There are 2 protein chains.
Amino acid sequence: MVTVRDVAKLAGVAPITVSRVVNNAPGVNPLTRTRVSKAIAELHYVPNAMAKSLRSSKTHTIALVLTDVTNPFWTTIARSVEDTAAQKDYHVILCNTDENPEKEANYINILLQRRVDGIIIAPTTDNGSVLLPLKRHNIPCVVIDREVHGFKADVVRSDGEQGARRLTEHLIQLGHRRIAMISGPAHISTAEERLTGYCQALQNHDIPVDKSLIKQGNYKEGSSFQFVRELLSVTPRPTAIFATNNFMGVGVLRALREAGLRVPEDMALVCFDDIPQASAIYPFLTVCAQDASKIGAVAAELLLKRITTQARRRKFREIVLDTELIIRKSCGQELGKCAA
Amino acid sequence: MVTVRDVAKLAGVAPITVSRVVNNAPGVNPLTRTRVSKAIAELHYVPNAMAKSLRSSKTHTIALVLTDVTNPFWTTIARSVEDTAAQKDYHVILCNTDENPEKEANYINILLQRRVDGIIIAPTTDNGSVLLPLKRHNIPCVVIDREVHGFKADVVRSDGEQGARRLTEHLIQLGHRRIAMISGPAHISTAEERLTGYCQALQNHDIPVDKSLIKQGNYKEGSSFQFVRELLSVTPRPTAIFATNNFMGVGVLRALREAGLRVPEDMALVCFDDIPQASAIYPFLTVCAQDASKIGAVAAELLLKRITTQARRRKFREIVLDTELIIRKSCGQELGKCAA
DNA sequence: GCGGTAAATGGTACCGTTATCATGGTAACG
DNA sequence: CGTTACCATGATAACGGTACCATTTACCGC
């Protein structure tokens, strides 16, 4: 492997001068610079980023730890973090936790080993203990999508309570009173928020919260079949279902179809998070959409600011973004009117 | 920062012994091992992966260079590559080229600097020159989705010619004779293959290939509006459109709607690549689906085998996977029957 | 002509691991 | 009891950059 020393020898200079040329550092005579550049090209020298990082203790890498790149919500965030980071010459390591705290802890350990300059993370629990090693090693950290107790960091998230309230109120306005909810995993703040928003909306309209209509899901598509079966056997049967994320919404839709029920005629459906590509093909699901792209960009900017400026200990900020209620077809019209 | 030396001092051993413990290497007395482990825990020692890589010249990292993680086709590949790599304790750096050869070249340079152990890449051109540095630095490389001339490597791809032929034949069987095509960028083998398959199908049924019905797209959603407008002004107007990837399919659908045309009543539409989430919500687009998950897994396995075994110079393999024709609603029924 | 300053260049050591080889100790063996 | 063999452990020197400081040269103003 070609090293600075080889280049230096060919160009007749000291290794450090080659280093200066490679990094466009000042203090090199233009003639020397071209001579070195020529040697670099001739030998096809490629600097070793590891050696550089080792010496300078900077990796120019940030990590993005999220649930699952397969979900368009996270994909959009990933893309926007990458674009923002790339502009400042930072690279991104992507990690999928699948909502599994063990995987999360494992990744955090790996990222510490890699000495990433910072981390953007959607934690799998609201308990900061998994994140403590980051504090200990003084790694700048931005938490996205969720809140964590007992862990100080910048937070970028959407206002899930408001979003859930609006979604529920939309159903109420259409005449629904028996609204079922598939909530998210316990100990994840977005799940709690959305549940709170749902309950608030019901209470605001003097509708009692019926626990038999609330099922705890896991933000994945899988478990929906069981839930839907259970919900359909409750009497009186719910007339609407609120799925607290997009994947569970899809699962519910599938399960309902399999049960021979039509949406919205037999059952209204809303969910949190949009699926943009799906909506482009057929605008069907009524959803509360988050601005994933903005979440990613803002988070990356915050993180890079902490990394590149001395202001590491500046006060932490919590940025809460608005959501958008997108009304499409999955709730149909007012309940009375569409009764078959 | 805590180093092996600090741990060694505390445990009363030499640094190398700590290294042995950390790496679970043999030849350490169990008692010593626990003593060192205790010291590691006490000091919260985290080994420095860069120093390790520098010394051992292995990074345990592979790169995945693809078009755009926002597209479910690539997302699925990304996920499956990551899962496969993680099983063997390898990590993945993700790079989006946006079909831009400059970005691609830039990423390749960066990846060389990072000394990744191998690369899985979907090249932006069929010209291997951008990839030559990989050869020069002897980086194992697996090409996915596409073929490249003048660059020897393992290749994992789908049979696009067959897929395009079947898609086109499906349209022909429904009675379509004027079938327009939005093809992919020049110099990308998938684009050429799909075009070839399309032409073959037409020729097999004695339908002349009409160049005014073939537009060259870029695999992105954007340009479709212009194309659709152009196609609608051709006489006789085409009765079906074949979009050679999913995003362009969505674009065409949008453009047709905006032009006030219904699919499939006024225009049939097929495209290459599925959008699984969209189809789960509303099974609409008739597509030729690739097994993205398998492409990723096979590519990762091939690459890791080359990296971890001595067989670096074994003969290169080209693995061609079958595609699946999924008939949904975007072509309607036989042409005669659905004429308005 | 001299001190002062800035630009260009280089020497040396070190970042944190581990490859390589060496060493001491102990058990096994004939 | 000497020899072999193996186990546990360590000393040393790299891996490929660059931080830090020193040196040389040229030029400036007085």
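Please read all numbers here as calculations on a predicted model, not as lab measurements.
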Is there a donor and acceptor pair, one atom on the side chain of A/Arg115 and one on the base of C/dG16, closer than 3.5 Å?
no

What is the distance from [atom1] of [X] to [atom2] of [N], rounded to the nearest Å?
X: B/Asn23; N: C/dG16; atom1: CG; atom2: P; result: 17 Å
X: A/Asp6; N: D/dC15; atom1: CG; atom2: C1'; result: 13 Å
X: B/Lys58; N: C/dT17; atom1: NZ; atom2: C1'; result: 14 Å
X: B/Arg5; N: D/dA11; atom1: CZ; atom2: P; result: 12 Å
X: A/Arg55; N: C/dA13; atom1: CZ; atom2: C1'; result: 8 Å
X: A/Lys52; N: C/dC14; atom1: NZ; atom2: C1'; result: 17 Å
X: B/Gln113; N: D/dG16; atom1: CD; atom2: P; result: 15 Å
X: B/Leu112; N: D/dG16; atom1: CG; atom2: P; result: 15 Å

Strand contacts (DNA chain C) in residues 26-43 of chain B, 4.0 angstrom heavy-atom criterion:
none

Do NZ/NE/NH1/NH2 and the carboxylate oxygens of B/Asp68 and A/Arg79 come within less than 4.0 Å?
yes

Could B/Arg317 and B/Glu301 be called an ion pair, given the rule that one side-chain N must be under 4.0 Å from one carboxylate O?
no

Are any side-chain N or O atoms of B/Arg35 and backbone N or O atoms of B/Ala11, one a donor and one an acceptor, separated by less than 3.5 Å?
yes

Contact class for A/Val13 (heavy atom, under 4.0 Å): base, sugar-phosphate, or nothing?
sugar-phosphate

What is the nucleic acid contact for A/Ala14, judged by heavy atoms within less than 4.0 Å: base, sugar-phosphate only, or nothing?
sugar-phosphate

Any idea which heavy atoms bring B/Glu82 and A/Leu94 closest together, and the distance?
OE1-O, 3.3 Å

Hey, which of these two, A/Val2 or A/Arg20, hits DNA chain D nearer its 5' end, going by closest nucleotide?
A/Val2

Pick out which of B/Lys315, B/Arg306, B/Lys305 makes a salt bridge (charged side-chain N to carboxylate O under 4.0 Å, His left out) with B/Asp154.
B/Arg306

Select from B/Ile16 and B/Met50 the residue whose nearest nucleotide in DNA chain C is closer to the 5' end of that strand.
B/Met50

Which residues share a ring pair (Phe, Tyr, Trp, His ring centres under 6.0 Å) with B/Tyr45, sequence neighbours left out
none

Taking everything shown except B/Lys103 itself, do over 12 heavy atoms lie less than 6.0 Å from its NZ?
yes

For C/dT17, take OP1 and OP2 only and decide whether either is under 4.0 Å from a side-chain N or O of B/Ser19.
no

Does B/Thr17 put a side-chain nitrogen or oxygen below 4.0 Å from OP1 or OP2 of D/dG10?
yes

